[in-house]
S.K.: 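Below you will find the structure I want to go over with you.
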Amino acid sequence: MNFLLVLVCGLLAGGVPVLWAAVRTRALRRAVLGGRAVGVPAEVSWRSGGDAPAVRGDLWLPGGAGLPAHFVSEDLAVLAVPRGGRVKDVVPLGTGGPRRRSFARRGAVVYEVPGTGDALTITVDRPAVEVVTEALAGRDGTGKGDGLRVARWHRVRVPSLAALLLGGAFVLGLVCVHTFGLGREVTAEVTGARDGMCRVVWQDPWDPSLTRHARVDCYEGEQAGDPLRISARPWPVRGDAADLDALHLTAFGAAALGLAGAAGVLAASWTGARRLWLLREHLRHGGGSAPGRPARRTVVPWWSWAAGALGLAGLGLLALAYVFGQPVRAEVTAVTDYGCAVAWADPWDGSRHTAEVDCAGASRGDALEISALPWPLRGEAFDRDFTPVALGILTAAVLGAALLGAVLRSRRARRSRPLAPTTVPPGRDEGQAAVVDAAGTGDVLDRPRLAAVARLLHEREALGGGGRELRPEPDPATGPWWRSPVLRRIVLASGVSWGSLVALAVVALWSGWWWGTAYQQATGRTERATATVQYLHEEFPLEPWLLPGAVEVRFDAPDGRRVVTDVEYGGSAPAEGETVEVEYAVDRPSAARIAGDPGLGRGLWASGAVVVVALVRLVWCAVSTGRVLRRLLRAARHGRGRDFDYLLLPPSGEEPEDTTFLLVLFDPGAERPVAVMDTVPAAASLPPEGTLEMRSLPEEPAFAVAWTGGRPVWPGGPLVLLAEDEDEEEFLRRYVTDLVPPGVVLDVPSARA
């Protein structure tokens, strides 16, 4: 039940940031199409500026047609960005920009400023890419705009980390409300205690005819038969319970996470509002379009505000515990692995409270001085030795991190260089190129159009940090195949089923003791004994209806040894304290099972089936990869060669696992492709276009290996002739069309040189 509750709450917490992003994206899009102003966090850099830094800030898109966009950097420099230019590319950047990591998926819009030929790279979160692209391209509505009057809803900024903190606070708050608000407080009877956990039984408050069993935390040294106040959880986890002392801890965790997340949202929103105000003042006083000289202002990032809020909360907790709290003498009722369970009389009303505090060298029955917390944390306590020091150091560290973030950001803002225009990248003669939209006329498989797509993708690779230098491939005819790092990676990636190996490891850890028990009982003499159930292990979702559950039992062997071991059960769980008949191996009494229970057999069948499937998968991967590798080596060593012109299309980059490069092959001098072949990522070292030799055997033309510069380029798939496969040609046409994002304009030469 606990597993299901955590799973549902986790799904809800993960859905909150996603739902917020979807709602905000739709709101921004409606605002842009309606001619209203919006603003988004962004990073801007000049694309061809070498090591020019990416400057963070806000991109403001005023309402109304024709009004320029404005970028306000963190150091409050203003850059006017005229709209109506050409979007040259949209580069998916996964979960980080070119120079930093982020929790959010991001995209870089390469925008050519009209009238200058300069190119800006504007990096924003992925949901805002389409909004920024449409607004910069001039497709943002033609109605009368409202300038920089931004709706209050659009001024709210929720950074990704703040969204995670708020999601965690939402989960803890939901658990707190569900368990302690909607639940019923009842008195349960303790049936067993171990390691700070009590097994309790109580009557269902909604249906008194039902008896419920559960395991809860307990801190007062409870023994079997003692009463314990608990909170019975309602639907959908009826039958589960929580101790009442967990209310304060859960509420405190929700408050801390919510405070940090709210501080992040308020700081980010206030920063955006401040930049908008500065932009309005800048334009009101006739500010120009060139970026101004950065002012020396202290810039505080939102996460510094969040850390500061947590630090202030820590100071408040210290003051609540050791300034307004009351020192009392408590009795140590139990010593656990994590501290001491203590009980004391409330200094305000005399009621009895229990909690767990840190202690060193204390024993059951000792007196321990603690600090009892007042409202709103009545019933909680801290020790007066270790906790104030540890909490004080942690609070000081968090406050120091908040101050350090402000200082470092301020220094970086003062030293950052203002944006400066650059020239068009060398080798790109704009006067000899015709601007053609990707959705315009002409076949996308024409060689000039394919060459333009290849250039676009290679520039995208360079922007995203691609183009790594790789080791030259050895000649496969002069040595064994494992000398090639590419072939080794292919074998490890496809010849070894890593998922099957993980499955075998999990099965070995999970069910190895089942097989050990079965082996000991099958190969040796067994006896039976009466055992007492001491402890019922927590059940997993698959137990016991598919996999057996486990209980800890104790029995006496004939030679006088007292045996404590785990045994499995396949039916209803035996209660703690119940006696069961077990069958054990005489040579190894710990190899035991409940006599006549189907649990062990069920576990052997389930785990054995997983092992068989995993082994079959391992063998299949090894055999199939070995056959392909043998054919490729025969083609590389003994195949006939044929010359082709080629264009290399890098992956689109939409997904992190998308690493396949596509070779588009032409007959020498031809304008239409004749074949295509997927290649391994090592092909990134090839030029975007050139000439290569394709080697293959006449009886197996699909298994071909490309050669260029005296080294092989290993394929990632078979060679496909377009003349023999019309479906492949249509697929290639759709694939090339989808490589160019909407709104991106290609540079297609008007005539071949």
Side-chain angles (χ1 to χ4, degrees), residues 21-47 54-72 79-98 102 104-143 145 150 154 435-440 452-453 455-457 459-460 463-464 652-655 737-747:
V23 171
R24 179 170 174 79
T25 300
R26 285 195 294 268
L28 290 177
R29 184 175 176 81
R30 287 195 301 269
V32 169
L33 294 178
R36 297 188 299 274
V38 298
V40 294
E43 297 179 11
V44 172
S45 64
W46 294 91
R47 190 182 183 193
V55 181
R56 300 183 193 178
D58 290 326
L59 180 66
W60 294 99
L61 306 169
L67 298 178
H70 289 83
F71 174 75
V72 184
L79 172 68
V81 183
R83 293 196 273 186
R86 183 163 65 100
V87 178
K88 304 182 69 175
D89 196 10
V90 178
V91 184
L93 297 177
T95 55
S102 170
R105 297 171 66 85
R106 299 169 65 79
V109 179
V110 182
Y111 176 69
E112 186 180 85
V113 180
T116 64
D118 298 329
L120 292 176
T121 299
I122 304 173
T123 304
V124 295
D125 289 343
R126 188 72 64 87
V129 168
E130 186 176 359
V131 174
V132 172
T133 301
E134 292 182 350
L136 292 178
R139 297 188 294 273
D140 58 336
T142 57
V150 182
H154 295 155
V435 177
V436 180
D437 194 286
V453 174
R455 288 195 300 269
L456 176 74
L457 296 181
E459 292 173 0
R460 179 184 300 176
L463 180 64
S652 61
E654 284 290 344
E655 299 296 336
T737 302
D738 294 340
L739 286 177
V740 183
V744 173
V745 180
L746 295 175
D747 289 335

S.K.: Going from CG on Leu136 to CG on Leu120, what distance comes out if it is rounded to the nearest 0.5 angstrom?
M.R.: 9.0 Å
S.K.: So, for Ala128 and Val40, which heavy atoms are closest and what is the spacing to 0.1 Å?
M.R.: CB-CG1, 4.1 Å
S.K.: Kindly give the heavy-atom pair with the smallest separation between Pro82 and Pro68, and that separation in Å.
M.R.: CA-CB, 4.1 Å
S.K.: How many angstroms lie between atom CD1 of Ile122 and atom CD of Glu43, to the nearest 0.5 angstrom?
M.R.: 11.5 Å
S.K.: Restricting to non-hydrogen atoms, name the atom on Val124 and the atom on Pro41 that form the minimum distance, rounded to 0.1 Å.
M.R.: CG1-O, 3.6 Å
S.K.: Which atoms form the tightest heavy-atom contact between Arg83 and Pro114, and what is the distance?
M.R.: O-CG, 3.9 Å
S.K.: Any chance you could measure Leu59, atom CG, to Thr123, atom OG1, to the nearest 0.5 Å?
M.R.: 11.0 Å
S.K.: Using a 4.5 Å cut-off on heavy atoms from C-beta on, say whether the side chain of Thr133 contacts that of Val90.
M.R.: yes
